[in-house]
Amino acid sequence: MERHFTVLRVSLHHPTQGPAIFATVPQRLQHDTSPLLVGRGLDTHLRLHLPRLSRQHLSLEPYREKGSAVLAFNLKALSRRGQVWVNGLTLRFLEQVPLGTVNRVAFSGIQMVVCVEGGTSLEAFVCCFQVSPSPLICRPQPEETDEWEDIPEEPPAPGSEQPAPGHLGFLHCPSQTGDSSSQPSTGGGPEIQLQREPADGALC
């Protein structure tokens with residue numbers, strides 16, 4: 001019986017750098033169950049041409065939870081000098097977190113959204129990459145914003161609708177969100193909306 005691959009749909013964006021940093025990003029990559037390496041080194045599977053990156057900056061690592069018949073994934077930080085922000089958590093060297101269905105990642109200015117679509121194959125998985133012309137995350141990467149963790153929160157002014165410190169907006173998956181406030185695009189393409197981070201149960 002044919003087994004379907006788990007698919008990671010990965011969107012990438014950098015707010016200031018041109019498309020050259022994504023010049024070697026493939027549209028599709030099939031990978032075995034070893035860690036998938038991301039960085040600027042020649043030995044990485046997803047190579048990004050950005051000097052600030054470590055040669056091996058992070059990895060996506062498949063694993064199986066006990067009793068599960070499908071692959072799950074961890075994201076591990078491999079850089080000794082940089083940090084990786086994942087779903088509200090800042091990771092340092094060798095720290096890792098499990099990924100959910102939709103994941104918001106930032107590192108060295110790069111914004112990345114990873115959507116996991118489960119499959120039955122335990123021998124390999126597939127990554128589909130897309131470079132986004134629009135921001136995926138509203139706030140800068142953690143390397144530039146660590147100071148907000150040390151600043152006491154001030155009560156918002158009456159009527160203020162500003163997001164709470166530490167909350168990042170994200171790109172909704174249009175086909176999976178149930179947000180009735182989304183309006184259809186009149187330009188013929190999908191409309192990108194940057195919104196405040198909702199409760200965990202509202203993710204697509």
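Values below: every heavy atom of this structure, side chains too, minus hydrogens, waters and symmetry copies. Everything quoted here is computed from the prediction, not taken from an experiment.
Ser54 is linked by a side chain to side chain donor-acceptor pair (under 3.5 Å) to Ser79, counting only residues two or more places apart in sequence or in another chain. In this view, Arg55 satisfies the side chain to side chain donor-acceptor pair (under 3.5 Å) rule with no residue, not counting sequence neighbours. By the side chain to side chain donor-acceptor pair (under 3.5 Å) test, Glu95 pairs with no residue at all, sequence neighbours left out. Looking at residues two or more places apart in sequence or on another chain, you find no salt bridge (Lys or Arg N to Asp or Glu O under 4.0 Å) involving Arg64. By the side-chain contact (heavy atoms from CB on, under 4.5 Å) test, Gln27 is found to be paired with no residue, residues two or more places apart in sequence or in another chain being considered.
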Quiz: residues 66-75 side-chain donor-acceptor pairs under 3.5 angstrom, not counting sequence neighbours:
| residue | atom | partner | partner atom | Å |
| --- | --- | --- | --- | --- |
| Ser68 | OG | Val70 | N | 3.2 |
| Ser68 | OG | Val70 | O | 3.3 |

Without placing hydrogens or testing angles, list every side-chain donor-acceptor pair under 3.5 Å for residues 12-24, not counting sequence neighbours.
| residue | atom | partner | partner atom | Å |
| --- | --- | --- | --- | --- |
| His13 | ND1 | Ser132 | O | 2.9 |
| His13 | ND1 | Ser134 | O | 3.4 |
| His14 | ND1 | Thr16 | N | 3.2 |
| His14 | ND1 | Thr16 | OG1 | 3.4 |
| His14 | ND1 | Gln17 | N | 3.1 |
| Thr24 | OG1 | Arg47 | O | 3.0 |
| Thr24 | OG1 | His49 | NE2 | 3.0 |

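Rounding to the nearest 0.5 Å places CD of Gln56 at 11.0 Å from CZ of Arg80.
Side-chain atoms of Thr6 never come within 3.5 Å of backbone atoms of Gly118 as a donor-acceptor pair (strictly under, hydrogens ignored). Formation of a donor-acceptor pair under 3.5 Å by the Asn87 side chain with backbone atoms of Arg104 is found in this model. For the pair Thr120 (side chain) and His4 (backbone), a donor-acceptor distance under 3.5 Å is present.
The minimum heavy-atom distance linking Tyr63 with Pro98 is given by the pair OH-CB, 3.8 Å. Here the closest non-hydrogen pair linking Pro62 and Ser34 is CD-O, 3.8 Å. The two residues Ala106 and Ile137 have their closest heavy-atom pair at CB-CD1, 4.3 Å. Contact between Ala77 and Val84 at its shortest, heavy atoms only, is CB-CG2, 4.1 Å.
Pairs engaging residues 123-133 under the salt bridge (Lys or Arg N to Asp or Glu O under 4.0 Å) rule: none recorded [sequence neighbours left out]. Pairs engaging residues 5-20 under the salt bridge (Lys or Arg N to Asp or Glu O under 4.0 Å) rule: Arg9-Glu117 [sequence neighbours left out]. Identified under the salt bridge (Lys or Arg N to Asp or Glu O under 4.0 Å) test for residues 67-79, with sequence neighbours left out: Glu61-Lys76.
Hydrophobic clustering, with ILVMFWY side chains joined whenever heavy atoms are under 4.5 angstrom apart, keeps Val38 apart from Val126. Placement of Leu50 and Leu46 within a single hydrophobic cluster is found when ILVMFWY residues are connected by side-chain heavy-atom separations under 4.5 Å, directly or transitively. Leu89 and Val116 fall within the same hydrophobic cluster, where Ile, Leu, Val, Met, Phe, Trp and Tyr residues are linked whenever their side-chain heavy atoms come under 4.5 Å apart, directly or through other members. Residues Phe129 and Val131 share a hydrophobic cluster, clusters being chains of Ile/Leu/Val/Met/Phe/Trp/Tyr side chains in contact below 4.5 Å. Tracing side-chain contacts under 4.5 Å through hydrophobic residues (I, L, V, M, F, W, Y), one never reaches Val7 starting from Met112; they form parts of separate clusters.
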- Message: Evaluate Val25 against Leu48 for side chain to side chain contact (heavy atoms under 4.5 Å, CB included), listing each step before the verdict.
- Response: CA-CA 7 Å; Val25 174; Leu48 304 172; 3.7 Å; yes
- Message: Under the criterion side chain to side chain contact (heavy atoms under 4.5 Å, CB included), I'd like the reasoning laid out for Phe107 against His57: C-alpha separation, chi angles, the key distance, then a yes or no.
- Response: CA-CA 9 Å; Phe107 56 97; His57 204 91; 3.8 Å; yes
- Candidate pair Cys128 and Leu8, rule side chain to side chain contact (heavy atoms under 4.5 Å, CB included), full reasoning: CA-CA 6 Å; Cys128 296; Leu8 303 186; over 6 Å; no
- Task: Start with the C-alpha gap between Phe125 and Leu60, add the side-chain angles, then the distance that decides, and say whether side chain to side chain contact (heavy atoms under 4.5 Å, CB included) holds.
- Result: CA-CA 11 Å; Phe125 63 96; Leu60 299 172; 5.5 Å; no
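The hydrophobic cluster containing Phe93 also includes Leu37, Leu78, Leu94, under a criterion of side-chain heavy atoms closer than 4.5 Å among ILVMFWY residues, counted directly or through chains of members.
For the pair Leu91/Val86, a side-chain contact is recorded, criterion being any heavy-atom separation below 4.5 Å from C-beta on.
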